[in-house]
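Both backbone and side-chain heavy atoms feed into the values below; hydrogens, waters and symmetry mates do not. All values reported here derive from a predicted model rather than from experimental measurement. Below, read A as the first sequence line, B as the second, and so on, with proteins coming before strands; counting in each chain starts at 1.
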Amino acid sequence: MKQYIIRRLLQMIPTLIGISIIIFAISAMVPGDYITARANPNMSIEKQEQLRAIYGLDKPDYQRYFIWAGNMIKGNFGDSMQHKQPVTTVINTYVWNSFVIGIFALFFSWFIAMITGIFSAKFQYSFFDKVVTLLVFICMSLPSFFIGLLLIKFLALDLKLFPVGGMSTSGLNATGWTYFTDVLKHSFLPIMVLTMLSTGGLTRYFRTSMLEVIRQDYIRTARAKGLKERTVIFKHAFRNAMIPAITLLGFELPGLFGGAMILEQIFAWPGIGHIYLNSINMRDYPFMLGFTIFLAVLTLLGNLLADVLYGIADPRIRLK
Amino acid sequence: MKEVLMQVDNLKKYFPITGGVFQRTVGNVKAVDDVSFRIHRGESLGLVGESGCGKSTIGRTILRLNEKTDGTVLFQGKDLYKLPKEELRRMRPKMQIVFQDPFSSLNPRIKVGQAIGEALYDHGVTDPKVVRERVLETMNICGLASYQYDRYPHEFSGGQRQRIGIARALIMNPEFIVADEPVSALDVSIQAQIINLLSDLQRDKQLTYLFISHDLSVVEHLCDRVGVMYLGSMVEMSSTEELFRNPLHPYTKALMSAIPIPDPTYKRDRIVLQGDIPSPANPPSGCKFHTRCPIASDICKQQAPEYRDVGNDHLVACHFV
Amino acid sequence: MVKDLVEFRNLETHFKTTAGTVKAVDNVSFTIREGETLCVVGESGCGKSVTAMSLMQLIESPPGKIVGGEIFFEGRDLLKLSKKDMSRIRGNEISMIFQEPMSSLNPVLTIGNQISEPLMLHMLLDRKAAKKRAIELITLVGISRPEKIFDSYPHELSGGMRQRIMIAIALSCDPKLLIADEPTTALDVTIQAQILDLMRDIKQKLNTSIMLITHDLGVVAEMADYVVVMYAGKVIEEAPVLELFQDPQHPYTKGLLKAKPIINQKQERLYSIPGQVPNPIDLEDNCHFHDRCEFCMDICKVKQPPFRSHGKDNHKSACWLYEEEREVL
Amino acid sequence: MSADVMPITENKNTKKAKAVDTPWKTALRRFTRNKLAVIGFITIVFMFILCFIGPFFSPHNLYDYSLKNKNLAPNVTYWLGTDKLGRDILLRMMLAGRISLLVGFVATFITVVVGATLGALAGFYGKFVDTIIMRVADIFMALPSLPILIILGAVLSDLKVDPDIRIYYLMVIIGILNWTTLARLVRGQILTLREQEFMQATEALGLKDGRKIFKHLLPNTIPVIIVTATLSVAGAILTESALSFLGVGVVPPTPSWGNMISAANNLIDFRKRPWLWIPPGMCILITSVAINLIGDGLRDALDPKTKK
């Protein structure tokens with residue numbers, strides 16, 4: 001297993017280099033840059049040139065790439081122009097807000113998906129299964145921003161059940177428990193939407209995986225042993241269905257830390273996704289490049305984590 | 001002596017096992033380990049053995065359907081592995097193969113008639129009418145009705161699909177056919193039909209067969225000479241009549257005694273081999289059979305026996321014969 | 001007098017498919033006596049496995065369903081039992097092993113865990129006692145180093161060893177009847193010999209009756225005391241094993257016996273039954289073998305032959321050849 | 001001359017020359033039996049008619065900016081009300097539908113062409129070609145697709161690309177960025193097919209490469225391509241609407257369901273005039289649900305293993 005991980009890490013290096021080149025090339029295509037985006041009329045041309053020199057924007061592209069890549073290897077992602085802080089600190093401050101709603105949504109969606117997946121597989125062709133299939137399709141095709149807006153309109157504005165947006169009521173500088181409940185109330189809608197978005201795909205995945213397993217011979221053997229149906233389904237079938245599903249945990253990694261850009265914008269949730277979206281609008285290159293690489297690394301680590309989890313879960317591979 | 005159609009010398013086929021950080025080859029599955037034999041025109045040679053003994057791999061390697069590791073394969077005197085790709089392709093019609101699994105050996109998306117006849121287009125026959133004519137004729141020879149030309153494989157039973165597979169090979173007017181367990185997946189009553197068809201075709205078209213099977217009784221019925229294989233090596237080979245009258249290698253004897261006889265009054269002291277077939281990834285040292293052989297001794301563990309002719313063209317590889 | 005252990009009476013199990021209903025088991029009746037090995041023989045699609053699965057009530061519905069008849073086990077009709085009572089019998093008094101050893105064991109659970117399950121459920125043993133009993137069972141089925149095997153996973157064992165473990169699981173609660181659905185078909189012939197030896201040995205030691213399902217007449221000759229021959233969902237002949245091989249009555253049984261090539265008895269040309277098994281959907285009320293039978297008469301095409309004994313008491317068959325009134329009605 | 005082969009006795013069932021049901025006919029039969037899939041199909045047909053033919057029947061035309069009837073709630077003349085420029089929402093929604101559907105299908109077409117070809121090349125030629133294509137695929141898989149699309153969208157805005165031409169760039173970008181899923185599936189399918197005995201038979205029969213690929217490999221890969229393509233149309237439509245909502249996709253004045261919903265950014269419209277943004281949102285939802293239903297129906301119909 002250790003050898004496998006080393007090999008996979010080594011394989012990541014060329015991929016990362018490839019990604020960094022593509023991302024840098026895309027952002028280099030943009031004609032304007034941070035200065036022109038922020039230039040107010042009274043800023044003279046020389047002033048703009050000076051600023052560009054300070055930020056090193058006047059060097060040819062390939063040179064800027066090597067400087068940027070060089071720093072990055074040393075862990076220095078450069079400073080975000082907008083926040084005047086190192087990119088890494090900006091990421092650190094905001095990423096945990098996204099992580100909070102991400103982890104709750106992950107827990108809820110996995111829990112719901114497992115239960116519905118198992119029962120709709122067990123009672124295939126039943127009414128419950130048909131309803132679940134339809135709901136799954138709807139969840140999978142939800143445009144995230146539209147559902148967000150709908151919930152805000154009906155649940156927050158009209159019925160006043162939840163705050164419209166943001167992470168905490170402004171002006172209420174309470175601490176401890178009251179602050180916690182306030183944030184919880186604010187986070188309810190974003191978590192609800194995030195859960196809906198991912199439950200659809202997961203449920204279908206669990207259902208297909210269960211259907212595949214229920215048809216296997218060892219389930220027939222389990223029943224021939226006279227085991228209760230509950231044991232057959234939850235011990236024998238579910239354990240086997242879980243193995244391929246565990247790999248999905250790995251793929252959730254980028255979502256957890258990457259934040260839901262669009263949702264955070266709609267709910268004005270101060271997560272890393274929201275900041276990242278602004279950085280693109282403001283052409284804040286260091287942050288934009290740095291965070292995109294961060295996401296790419298997360299995806300690669302996620303893939304590796306998925307394969308490692310698969311190895312641990314499946315005894316046939318674990319012993320190799 | 002009749003012309004030698006297929007000559008195989010010291011054929012080896014190893015499948016690499018990779019491991020370690022850089023996927024280096026750390027070992028070899030010796031599927032076929034130094035096997036030599038000859039097949040004369042009009043003869044049918046049987047290859048018998050249990051799973052993992054390499055009989056199917058030999059069938060595919062001598063037709064160059066997968067690449068050999070070592071050794072030479074001469075078909076009508078020509079070394080198949082030295083022929084350029086196009087020339088090998090042009091020789092293909094002469095040497096055909098019939099597969100075991102009736103369900104995966106036919107393309108589900110094309111009509112049966114097309115499946116049988118399409119190869120003709122790539123070997124010089126261009127007129128569709130001629131092709132259709134030859135297809136219908138071959139189908140009839142193999143016991144398929146003409147109206148089935150336009151049907152699709154999913155509408156046929158296992159036995160009929162084997163007939164289609166045979167027709168597909170037969171239409172090329174081959175001289176040599178490798179039959180890779182053609183009847184193992186069929187029921188007994190259908191098996192008999194296909195066996196009769198194969199022996200009729202051999203008689204009428206002077207075909208030469210390499211007949212691969214795990215069922216000794218079917219091989220006894222169809223073949224003139226039989227080779228018994230164990231874990232990638234040939235342990236015994238002789239004429240069918242000689243082999244069944246006077247089996248020499250302990251494995252052949254055990255193999256024959258293990259076959260259940262459909263006669264309740266038949267009493268015999270059966271040799272039941274203990275233990276399991278070892279994995280071809282790390283075969284036992286010396287004689288590969290020593291771990292299960294009832295008469296194994298020290299020499300068998302250290303030294304592999306020589307595969308030699310003990311008279312009357314009866315080859316065997318055992319220290320005690 | 002030897003008691004009847006299991007009696008099938010006019011069993012009907014049908015499968016609904018998009019193309020129509022398949023009468024997989026069509027009015028099947030026969031009995032299994034205590035301490036006896038009964039072989040159900042027939043080619044694929046003849047309904048032998050469905051009969052066994054009906055006895056265990058493991059028919060997956062939809063699409064399958066037991067639509068008629070009774071199955072008596074020690075005098076009680078299993079079809080009338082509640083789900084709970086039936087699951088108490090399954091794996092306890094009647095147990096079953098299957099054809100594919102490679103996929104019949106759960107790949108993610110250890111061997112020990114899978115053997116202990118029925119012990120803890122039916123015999124109410126605790127974990128420790130179940131482990132001890134499991135190790136005894138592993139030794140009983142002829143596997144060395146039982147402790148190591150107890151903790152290993154199915155993929156570490158060969159096909160032959162996995163089939164032995166399946167037998168150990170089946171014998172764990174001293175069942176009265178062991179059903180074996182083509183137990184050796186997927187095994188090599190030398191391993192098959194070992195498994196058949198083991199099953200005969202167990203029958204002596206535990207006096208378990210065995211219902212052996214196979215398509216190989218050689219296995220039938222070696223193992224069976226009594227034989228039932230099935231074709232297209234119906235029982236067409238049944239007889240003691242010696243009777244059946246020496247004096248087969250039904251043309252299909254005769255055909256089967258002649259079609260198999262036998263070692264050291266080389267024939268010039270194999271007898272082969274022409275044609276193929278009929279399409280199981282909406283078969284008419286006639287002898288289903290008529291279009292492949294060389295003795296076929298008009299009545300065979302129109303009316304179903306009665307299933308009766310013709311002279312010998314426990315040798316029954318369903319064929320118009322042995323009936324007096326043969327004119328077409 | 002032919003051997004005395006027993007004439008095969010046809011029993012009654014196989015004799016009747018019933019209509020030859022080709023694999024495509026059986027697939028069609030199975031598809032029509034799947035109720036949800038048929039509903040999906042009807043909805044899609046309705047959406048196409050609505051968007052491509054509907055505008056001709058609308059009494060209003062796109063350019064009558066009559067400020068007097070701006071911001072009207074849905075009424076008898078304007079079934080879905082009007083926006084702040086007095087334009088009929090229903091008409092704009094239908095025209096927007098054209099763009100969204102077009103982008104979705106053309107982007108998927110590009111994905112299929114790129115993905116299927118690269119996947120086929122990797123699968124068929126193997127070794128060297130396979131490793132390169134799969135390495136490139138790894139890179140594209142790791143690229144966070146939405147962020148990259150937004151950046152590219154921003155680039156398009158900065159380059160001041162004309163809104164109409166911008167749509168075509170958008171199609172190419174969305175199409176190019178998710179070719180990897182299809183490429184992997186096609187490659188996997190070809191590798192499994194090559195192990196099948198009927199492909200080894202084409203080798204033994206000495207068929208030319210061309211026949212092997214186009215007569216045997218491709219026809220058996222098409223089902224995978226059809227199913228994946230259908231599902232990725234829904235994905236492409238959702239992506240386009242998200243980008244347009246963020247203002248980096250289809251940019252006004254060209255209407256698209258996505259940018260019509262961005263009208264909701266203005267608080268008053270959001271709260272008081274839901275008819276501005278809810279109908280286009282529903283269109284996106286209904287279209288992608290319908291497409292997903294069709295895709296799933298196709299998967300069951302074309303997959304030989306699922307015997308329903």
Participant: Does the pair C:Gln194 and C:Arg164 meet the rule for a side-chain hydrogen bond (donor to acceptor under 3.5 Å, both in side chains), with working shown?
Facilitator: CA-CA 10 Å; C:Gln194 290 172 10; C:Arg164 289 169 185 272; 3.1 Å; yes
Participant: If I measure from the heavy atoms of chain A, does C:Met166 come under 4.5 Å with its side chain, its backbone, both, or neither?
Facilitator: side chain
Participant: Against chain A, label C:Leu105 side chain, backbone, both or neither, depending on which of its atoms sit under 4.5 Å from a heavy atom there.
Facilitator: backbone
Participant: Do you know which two heavy atoms are closest between A:Met242 and A:Trp110, and how far apart they sit?
Facilitator: CE-CZ3, 4.3 Å
Participant: Using a strict 4.0 Å threshold on nitrogen-to-oxygen distance, state whether C:Glu182 and C:Lys48 make a salt bridge.
Facilitator: yes
Participant: Heavy-atom cut-off 4.5 Å, strictly under: side chain, backbone, both or neither for C:Gln114 against chain A?
Facilitator: both
Participant: Heavy-atom pairs under 4.5 Å with chain C are the metric here; pick the option from A:Lys235, A:Glu229, A:Gln124 that has the most.
Facilitator: A:Lys235
Participant: If I measure from the heavy atoms of chain C, does A:Ile243 come under 4.5 Å with its side chain, its backbone, both, or neither?
Facilitator: side chain
Participant: Based on non-hydrogen pairs under 4.5 Å, which of C:Ser95, C:Ser103, C:Cys173 is most in contact with chain A?
Facilitator: C:Ser103
Participant: Using a cut-off of under 4.5 Å on heavy-atom pairs, state which of A:Gln216, A:His236, A:Arg223 scores highest against chain C.
Facilitator: A:His236
Participant: Work out which heavy atom in A:Phe128 is nearest to a heavy atom in A:Ser120; give both atom names and the distance.
Facilitator: CE2-N, 3.6 Å
Participant: When you compare the side chain of A:Glu252 with that of A:Leu202, does any pair of heavy atoms fall below 4.5 Å?
Facilitator: yes
Participant: Do you know which of C:Glu117, C:Met86, C:Gln57, C:Lys83 has the most heavy-atom pairs with chain A at a distance under 4.5 angstrom?
Facilitator: C:Glu117
Participant: What part of C:Met102 gets closer than 4.5 Å to chain A, counting heavy atoms only: side chain, backbone, both or neither?
Facilitator: neither
Participant: Heavy atoms only: give me the nearest C:Gln99-C:Gln163 pair and the separation to one decimal.
Facilitator: O-NE2, 4.1 Å
Participant: Could you tell me which portion of C:Asn106 (side chain, backbone, both or neither) has an atom closer than 4.5 angstrom to a non-hydrogen atom of chain A?
Facilitator: both
Participant: Between A:Asp314 and A:Arg316 (salt bridge meaning N to carboxylate O under 4.0 Å), is one present in this structure?
Facilitator: yes
